[in-house]
Undergrad: 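Quick one: the structure is below, questions incoming.
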Amino acid sequence: MKELYRKLFHITFGAVIAGGIWVLGRDDGLAALFVALIAGLVLIQWKLSGFEEKVIDFFLSKMERKVTIPGIGALMFLLGAILALSLSKTVGFAVVVLLVFAFGDGASTLVGIKGSHRIFYNPRKTWEGSLAFFFTASAVSVFFLGPIALLLCFILAIVESLPIPFDDNFTITLAGAALSYVL
Amino acid sequence: MSLVAGASSADLYLVLACLGFAALLFCHNRRAIFLALLLATPTIPLLKNAINEDRPCEGWLTCPEDSGMPSGHSAIAFIFAAGSLGSPSFWFFFPAALVVGFSRTYWGAHSMAQVASGAGLGVALFFISEELLIYFGAIKRRTHWKVKRFVKKRILAMRKAKKSGNVMPAKQSSRQAKAPVVKRR
């Protein structure tokens with residue numbers, strides 16, 4: 001249940017950030033994300049110092065995995081958005097990468113935890129999860145990019161399934177930004 | 001004001017070097033900070049060449065010739081800020097990183113977007129280095145934040161008990177309190 005709330009928040013958060021960037025543009029979008037990063041770092045520091053606030057505690061108890069730093073998931077998403085926006089060739093491509101990541105990663109986790117067919121190079125992931133990533137992300141991004149979105153989502157689904165020790169927020173957004181120069 | 005106007009990029013590097021020295025002295029994540037700095041050294045120039053975005057260069061007498069995206073100064077300053085997260089030294093490194101970032105926009109060496117990008121890159125590089133060190137077994141994963149806070153509270157309670165003369169921690173003293181009752185019976 002916690003994972004469902006978490007991924008629903010992940011999708012909503014991603015869609016809101018992508019929409020905000022689409023409206024604000026690159027420079028103002030990056031400035032807004034910078035303000036959010038500052039606020040996020042201060043909130044995490046307050047939480048680590050013993051600060052208690054009912055609303056934040058409610059969200060953490062409902063959505064946070066067993067992690068070493070409170071709110072690290074949201075912070076990683078913000079960092080991924082900053083990297084995608086600053087490294088992508090165009091704002092439109094950065095928005096698509098964020099939407100692919102938000103919807104694809106959310107769907108892959110929700111479907112993947114029910115799946116039983118393990119991927120041979122990464123036993124922590126399942127084929128069902130990767131397929132869910134591909135189909136959901138394609139359905140969202142095909143409206144923006146056309147048929148090339150299928151190739152983008154296929155490559156990003158492979159990247160998502162790789163056994164890389166870094167957070168998905170970095171790997172997918174960085175790979176997406178790199179693909180903006182190739183596709 | 002004249003001091004600010006006369007400051008050059010080299011002076012800022014001196015400030016960053018001092019910040020780095022302080023970080024290596026006071027931060028508990030020294031290894032991750034050091035690795036993040038090592039990773040940042042080739043990454044930032046590579047990204048500057050790849051993105052190739054001009055600097056605003058307004059009111060800056062000696063504007064650097066390289067591209068502006070992302071800001072290297074703010075990336076390095078935010079590596080220290082992220083490295084000190086969870087320790088009291090954060091309240092020194094974080095404002096310092098903000099001052100470094102905003103001074104770059106104030107002097108016209110970078111736009112706000114370039115500073116934001118540098119800050120994001122710096123924090124991301126720190127967490128990537130931390131994950132790399134954990135993966136290769138160089139450092140242990142941090143304790144869960146709730147457990148850490150619980151342990152901190154226990155230690156503070158024990159210190160308070162020591163100061164007030166009651167040397168035993170709260171749990172043991174309650175056992176002692178039960179013991180005399182048994183003796184009386």
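Bear in mind the structure is a predicted one, so any value in this text is a computation, not a measurement. The sequence lines fix the lettering, A, B, ..., with proteins before strands; numbering per chain opens at 1.
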Undergrad: From B/Y135 OH over to A/I164 CD1, what is the distance, rounded to the nearest 0.5 angstrom?
TA: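 The distance works out to 10.0 Å.
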
Undergrad: So what's closer than 4.5 Å to chain B heavy atoms on A/L33: side chain, backbone, both or neither?
TA: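 Looking at A/L33, nothing touches chain B.
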
Undergrad: Using 0.5 Å steps for rounding, measure from the CZ atom of A/F34 to the CG atom of B/L98.
TA: 6.0 Å

Undergrad: Mind checking whether A/V16 and A/V91 sit in one hydrophobic cluster, side chains of I, L, V, M, F, W, Y counted as touching below 4.5 Å?
TA: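 No, no single cluster joins them.
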
Undergrad: What closest approach, in Å, do B/I51 and A/S86 show between heavy atoms, and which atom pair accounts for it?
TA: CD1-O, 3.6 Å

Undergrad: Out of curiosity, does A/L99 fall in the hydrophobic cluster containing A/V111 (side-chain heavy atoms, cut-off under 4.5 Å, transitive links)?
TA: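 As far as the 4.5 Å side-chain criterion goes, A/L99 and A/V111 are not connected within one cluster.
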
Undergrad: Quick one: does any side-chain atom of A/Q45 pair with a main-chain N or O of B/S87 as donor and acceptor, under 3.5 Å?
TA: yes

Undergrad: Please state whether the side chain, the backbone, both or neither of A/L30 comes within less than 4.5 Å of a heavy atom of chain B.
TA: both

Undergrad: Should A/V100 and A/F9 be counted in the same cluster of Ile, Leu, Val, Met, Phe, Trp and Tyr side chains packed under 4.5 Å apart?
TA: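 Yes, same cluster.
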
Undergrad: If you count the non-hydrogen atoms of other residues, nucleotides and ligands that lie under 6.0 Å from CZ in B/R159, is the total more than 12?
TA: no

Undergrad: Quick one: do A/L78 and A/W46 end up in the same hydrophobic cluster if we chain Ile, Leu, Val, Met, Phe, Trp and Tyr together by side-chain heavy atoms under 4.5 Å apart?
TA: yes

Undergrad: In Å, rounded to the nearest 0.5 Å, how long is the span from CG of A/L87 to CG of B/L121?
TA: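 Going from CG on A/L87 over to CG on B/L121, the span is 7.5 Å.
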
Undergrad: Rounded to the nearest 0.5 Å, what separation is found between the CZ atom of A/R26 and the OG atom of B/S117?
TA: 7.5 Å

Undergrad: So, taking the atom named CZ in B/F126 and the one named CG in A/L79, what distance separates them when rounded to the nearest 0.5 Å?
TA: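 Spacing of CZ (B/F126) from CG (A/L79) equals 12.0 Å.
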
Undergrad: Can you get from A/V182 to A/F101 by hopping between Ile, Leu, Val, Met, Phe, Trp and Tyr side chains that sit under 4.5 Å apart?
TA: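 No, it is not one cluster - the side chains of A/V182 and A/F101 are not joined through contacts under 4.5 Å.
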
Undergrad: Would you indicate whether the side-chain heavy atoms of A/V42 and B/W91 approach each other to under 4.5 Å?
TA: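 In short, these two side chains touch, coming nearer than 4.5 Å.
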
Undergrad: Considering only heavy atoms from C-beta outward, does the side chain of A/L41 approach that of B/F78 to under 4.5 Å?
TA: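 Touching, per the 4.5 Å side-chain cut-off.
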
Undergrad: Sort B/E53 into side chain, backbone, both or neither according to what part of it lies under 4.5 angstrom from a heavy atom of chain A.
TA: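 Just the side chain, heavy atoms under 4.5 Å.
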
Undergrad: Looking only at heavy atoms, what is the nearest atom pair of B/G86 and A/L48, with distance?
TA: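 Taking B/G86 first and A/L48 second, the nearest heavy atoms are CA-CD1, 3.4 Å.
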
Undergrad: Starting at CG of A/L83, measure out to CG of B/L47 and round the result to the nearest 0.5 Å.
TA: 9.0 Å

Undergrad: Give the interface residues of residues 129-159 of chain A toward chain B, defined by a heavy-atom separation under 4.5 Å.
TA: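 Answer by number: none.
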
Undergrad: Under a 4.5 Å heavy-atom cut-off, does chain B meet the side chain of A/L85, its backbone, both or neither?
TA: neither

Undergrad: Looking only at heavy atoms, what is the nearest atom pair of A/I82 and B/G120, with distance?
TA: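 What the structure gives for the nearest pair is CG2-CA, 4.0 Å.
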
